[in-house]
J.: 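Structure provided below as structure tokens; questions to follow.
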Amino acid sequence: MKNVYDVIVIGAGPAGMASALTAREKGSSVLIIEREDRPGGILNQCIHDGFGLVKFNEKLTGPEYADRYVRWIDEAGIEILTSTFLLELIKDEDEFRMKLVSAEKGVFSLRGKAVVVSTGCRERSDRQIFIHGDRPAGIFTAGQAQAFINRMGYMPGRRAVILGSGDIGLIMARRLTLEGAEVEGVYEIQSRPSGLQRNISQCLNDFSIPLHLGRTVSRVIGKGRIEAVEVVSVDERMNPVKGTEAIVPCDCLILSVGLIPEIDILKDLPVVKDGKTGGIVTDDRMESPQVPGLFSCGNAHHVYDLVDYVSESGEIAGSAASEFAREAAI
Amino acid sequence: MKNMTCIVCPKGCSLQIEEKESGFEVRGALCPRGERYALQEMTDPRRTLQTTIRTAIPGCRRAAVRTSKEVPLGEIFSYMDAIKGVILEEKKECGSVLARGLCGSDVDLILTERLY
Amino acid sequence: MNKLKKVTKELAKLGLGGDVQASEFRKSVRLTGHVGSWDEKVAAGFAAANRGYKGVLNDITVEGVGEEKIYRYDPGDRDLEGRYFDVLIIGGGIIGCATARELARYDISIAILEKEEDLAMQTSSRNDGMIHPGFAAHPGSKKAHYNILGNRMYTKWAEELGFELKRPGSLVLFPSRLEKYLVPLMKMRARKNGVDGHYRYISRKKVFEMEPNVTEDQQGAFFLPSAGIISPYKATIAMAENALQNGADVFLNCFVESFEMDGGRIASVRIGRGTVKCGAVINCAGNFADIIAELADDRFFSLHGRKGTECILDRNTGLTQHSILSMPRLIQRKSKTKGGGVVPCIEGNILLGPTAEEQPWREDFSTDRGHFQELLQKLDLNTKLSGSSVITYFSGIRPASWEEDFIIEPSERVANLVHGAAIQSPGVASAPAIAVDLAKMTVDILSKDKTVEEKTGFNPRRTVSYHQIETVEERREMVGKNPLYGNIICRCETISEQEIRDVLRGPIPVNSLDGVKRRIRAGAGRCHGGFCTPKIMEIISDELGIPMVEITRKGDSSPVLSGEAK
Ligand SMILES: Cc1cc2nc3c(=O)[nH]c(=O)nc-3n(C[C@H](O)[C@H](O)[C@H](O)COP(=O)(O)OP(=O)(O)OC[C@H]3O[C@@H](n4cnc5c(N)ncnc54)[C@H](O)[C@@H]3O)c2cc1C
Ligand SMILES: Cc1cc2nc3c(=O)[nH]c(=O)nc-3n(C[C@H](O)[C@H](O)[C@H](O)COP(=O)(O)OP(=O)(O)OC[C@H]3O[C@@H](n4cnc5c(N)ncnc54)[C@H](O)[C@@H]3O)c2cc1C
Ligand code: SF4
């Protein structure tokens, strides 16, 4: 391993891997940093199919889609540092400097001419959508429930209420049902579901799971472990309508209420946050106008609903980052 | 007439299916795959099943798998039971066949992840 | 009978003359009867307070308010059966733990009995963590006395026990010019109470120099530089750990259910895990202190739970403000914030709080929309804050007596019982001073039967066995010692596997997610454990040999998972 690279990619999800491949193809020296013990990002836990329909015209599962990219990364001889955590990222003159840590290497430094941020996103939690009532165990975000079931083989509950009709929530409704749990229903505060229609069809309708639109969870009940939720209808201004409350017994509440780009590592750089997407402002080459040489792609840029477009954004960022590094060298 | 959402691709076209004497007539599909899906759905709805199985590999409690073909929607839980009986004894390549002829059909079980 | 007539008259004034009866019980006044609302019961309680009685026993029943089921968990063993301790402290909140630490100076055996699965699970982890300057308390009250002393003592306690203390000072903001005329009165009160530091009036211009982000309409402020902040639960745990290191014991999951009395003394304390004999008992049971008094047939006060909701903002918000901001109590505009303020916490987050709501329950820590919305109005004081930075909210319950003052005294009826009760705000700020007195009173009791001497080996400094690594340099050093300090588990707070393992090996047993979170902030960041919860659970499982499905969020009744998948 060197300690200077043309392009350093942070995050080895589909966006990061695609950008690394493109930058490598264009002749740059590339290093990928990944904090998990393996590349693939969120795809590793998305064992359902529906990935790659646009790009490969195939119906792959998440891990299969990831596997394809990991093979290409191997073939291209691109280095990935897994189980490595970025502690600090600053720009010094015309170079990026970072401090990282891993159990294997301890604290160490790297320098890069260009940096691609492909750190994905995180889920909104119960506190961020202001759920009230008790604070028992048994409240999960959909992604967390997905990790428990798919990666670790544990059940978050046996009788679930799902709040929010995002795709991950819908997919988890099916997954829980297949694993023998009961799903009491999916509650969505808006008058229309936020997930794809095909997921309503194949995840809910196939298993007769009810979708309640214009209804939300108003209160959580249960001291130790969750025992029930109170649900209520809302008016056009999203205020609860008195008299429409109902108590739904359950032993877990799963939230699928939105994703937020994960860009905390950029806190020491003068990037501008895009109020709408939650990511940073970039030009159409995915570069930050405030921090030349800094590129952002995938869900760290804005939340995409299809991985195919995530990979595409990675290719754009990788290509531009490679060009930037080449110009910087001259 | 029956309405359904095509699940073949992310476009998710709304399909209308009408039973005519000559057979089913499908409207709303942007491509022929949608028509095929609708016909299949009217006669014998099928789905590819993805789930996990237990493994004997240290540090890896579950591995992701799918069926090699679509299986009848109505029998999905029988397939789940059959699949959950399979245990992955050792590391294999992503794409390996782990079991053949699930539930007496010609459907196989495929490993869908790279094991580390 | 003059006092009783007065109470009866006051009740009649409230229109409760027919429904509520007052009678005398020992040296206290007792209210009985039945009313339609909780507010009426509260009004009656206050009407009877400070009329010359030792306390108010408010036994009025309220329509629709039933019994509360109190949480208790018995692990099922009888390990404590027949054991003896010189002192049993009931309650592992900040008062109980501070007192244990003070008593650990003496050559006696001490045990804290706490009903929850960890220390500081109730009021002591559900507050602002403010070390008040001692200005707000009524001159001459116990609150004022202990607050001033406690505030002073914190500097030394923080240093010895190794918990963080900052003194950012508190700015009482003046929303109009009128308040400026109150400054002489404020100064007089501060002087009367004995507030430390150069408290003073601050001009509008100076306010904006100190706090560029406060809202424009502030016309000046009263500044109290001795106001401080700590993490109340870390401090509580640090006090207990130091007590432990000096020979005291902590027993968790020990619900005190009754006493065995013998000739006006408590002979032993009954808990699920056995009957424990004792020399003396200290009642530090927070919201349950009146129940404990009753168990010893020493009922002379009753508590009413005043709930307060608080809200915590993202960690980076702390950079927008230096001092604690609040509004003067006298002139708080009705619709606006009532009490409390905007507090830059020790960990860098901003805390808004608290609200104040009289309600019937002792441990109902639920939150509701109404009080949460009320809280968000406090955002108005700092222009850089917004609702989108909220990362969490919670509530606590103040154990208030009707006299609204602390009860710190030896029992008049039970020879070996001491009360540290009704410790509402500023209980955290007062804790070290309260502890000194409670310890003294207890030693006096023990001294009647034997000589109690100071220990020679007492070490006031806590041995710190775990902590959160804050800087890159420190991390470099620690990874050099153990590579697992380089395996980062909690992303938002940058906490490694070994930091978590250190917590699990700490002096007081920890085996839940919240227990870990209370000691180092693993899982307490923006993502709320979204990513790291499964990993922290795996570490707990591995380190302590607990199966994953048995790991809890906060003790026995709160398993995280419901079992294995197929
Ligand atoms: C549950 C779920 C279901 C989905 N289902 C579908 C579907 O059916 N079809 C479809 O097309 N799309 C689907 N998507 C969308 C698509 O999979 C994602 O948008 C895509 O995987 C995001 O890729 P990414 O590379 O941007 O982020 P991620 O896959 O999240 O990768 C980010 C990587 O960055 C790493 N990282 C983050 N911060 C750091 C740091 N500081 N240092 C080092 N490494 C870091 C992370 O560990 C992670 O590996 C789904 C998404 C989710 C979450
Ligand atoms: C919202 C809010 C904000 C506040 N802000 C501040 C502030 O900024 N500064 C300040 O100085 N003060 C503040 N306070 C007050 C302060 O929190 C309390 O005064 C202090 O925590 C009381 O400590 P304690 O040890 O008496 O009670 P607790 O912490 O409640 O401890 C009592 C313990 O006894 C245990 N117990 C009860 N019954 C039994 C039994 N039968 N057997 C065994 N164990 C039992 C309980 O489980 C509990 O752990 C605030 C209070 C609230 C509610
Ligand atoms: S009909 Fe064709 S285009 Fe439309 S959803 Fe189906 S496969 Fe996609």
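Values in this document were obtained by computation on a predicted structure and should not be read as measured data. Chain naming here is simple, since letters A, B, ... match the order of the sequence lines and numbering starts at 1 in each.
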J.: Is the shortest heavy-atom distance from the side chain of Glu36(A) to the side chain of Phe531(C) under 4.5 Å?
T.: no

J.: So which part of Met478(C) gets closer than 4.5 Å to some heavy atom of chain A, the side chain, the backbone, both or neither?
T.: neither

J.: Can you tell me which portion of Ile260(A) sits under 4.5 Å from chain C's heavy atoms? Options are side chain, backbone, both or neither.
T.: neither

J.: Among Ser218(A), Gly224(A), Ala147(A), which residue forms the greatest number of heavy-atom pairs with chain C at distances under 4.5 Å?
T.: Gly224(A)

J.: Could you tell me whether the side chain of Arg225(A) and the main chain of Pro559(C) form a donor-acceptor pair under 3.5 Å?
T.: yes

J.: Honestly, is Arg127(A) close enough over Phe394(C), meaning NZ or CZ under 6.0 Å from the six-membered ring centre and within 45° of the axis?
T.: no

J.: Under 4.5 Å heavy-atom distance to chain A, tell me which part of Ile488(C) shows up: side chain, backbone, both or neither.
T.: side chain

J.: I want to check something: taking the side chain as every heavy atom from C-beta on, are Lys223(A) and Ser557(C) in contact at a cut-off of under 4.5 Å?
T.: no

J.: For the interface with chain C, which of Arg158(A), Arg219(A), Arg124(A) has the highest count of heavy-atom pairs at distances below 4.5 Å?
T.: Arg158(A)

J.: Which distance, rounded to the nearest 0.5 Å, do you find between the CE of Met548(C) and the CE of Met152(A)?
T.: 3.5 Å

J.: Heavy atoms under 4.5 Å from chain C: which residues of residues 130-141 of chain A carry them?
T.: Phe130(A), Ile131(A), His132(A), Gly133(A), Asp134(A), Arg135(A), Pro136(A), Ala137(A), Phe140(A)

J.: Hey, mind stepping through Cys492(C) and Asp264(A) against side-chain contact (heavy atoms from CB on, under 4.5 Å) and telling me if it holds?
T.: CA-CA 8 Å; Cys492(C) 305; Asp264(A) 212 54; over 6 Å; no

J.: Drop me the distance from Ser496(C)'s OG to Phe85(A)'s CZ, to the nearest 0.5 angstrom.
T.: 11.0 Å

J.: Among residues 467-477 of chain C, which residues come closer than 4.5 Å to chain A, judged by heavy atom distances?
T.: Val472(C), Arg475(C), Arg476(C)

J.: Heavy-atom distance under 4.5 Å between the side chains of Ser102(A) and Asn487(C), does that happen here?
T.: no

J.: What distance do Cys252(A) atom SG and Leu561(C) atom CG have between them, rounded to the nearest 0.5 Å?
T.: 10.0 Å

J.: Side chains of Arg369(C) and Asn239(A) only: does a donor on one sit below 3.5 Å from an acceptor on the other?
T.: yes

J.: Quick check: closest heavy atoms across Glu179(A) and Ala565(C), and the distance to 0.1 Å?
T.: OE1-CB, 3.7 Å

J.: With only heavy atoms counted, which part of Lys566(C) is less than 4.5 Å from chain A, the side chain, the backbone, both or neither?
T.: both

J.: Top residue by heavy-atom pair count (under 4.5 Å) with chain C, among Thr84(A), Val101(A), Asp251(A), Leu100(A)?
T.: Val101(A)

J.: Side chain from CB out, backbone as N, CA, C, O: work out which of these in Phe148(A) comes under 4.5 Å of a heavy atom of chain C, or both, or neither.
T.: side chain

J.: Using side-chain heavy atoms (C-beta onward) and a distance below 4.5 Å, is Arg491(C) in contact with Arg122(A)?
T.: no

J.: Identify which part of Asp364(C) has an atom lying under 4.5 Å from any heavy atom of chain A, answering side chain, backbone, both or neither.
T.: both

J.: Please classify the contact between Glu104(A) and chain C as side chain, backbone, both or neither, with a heavy-atom cut-off of under 4.5 Å.
T.: neither

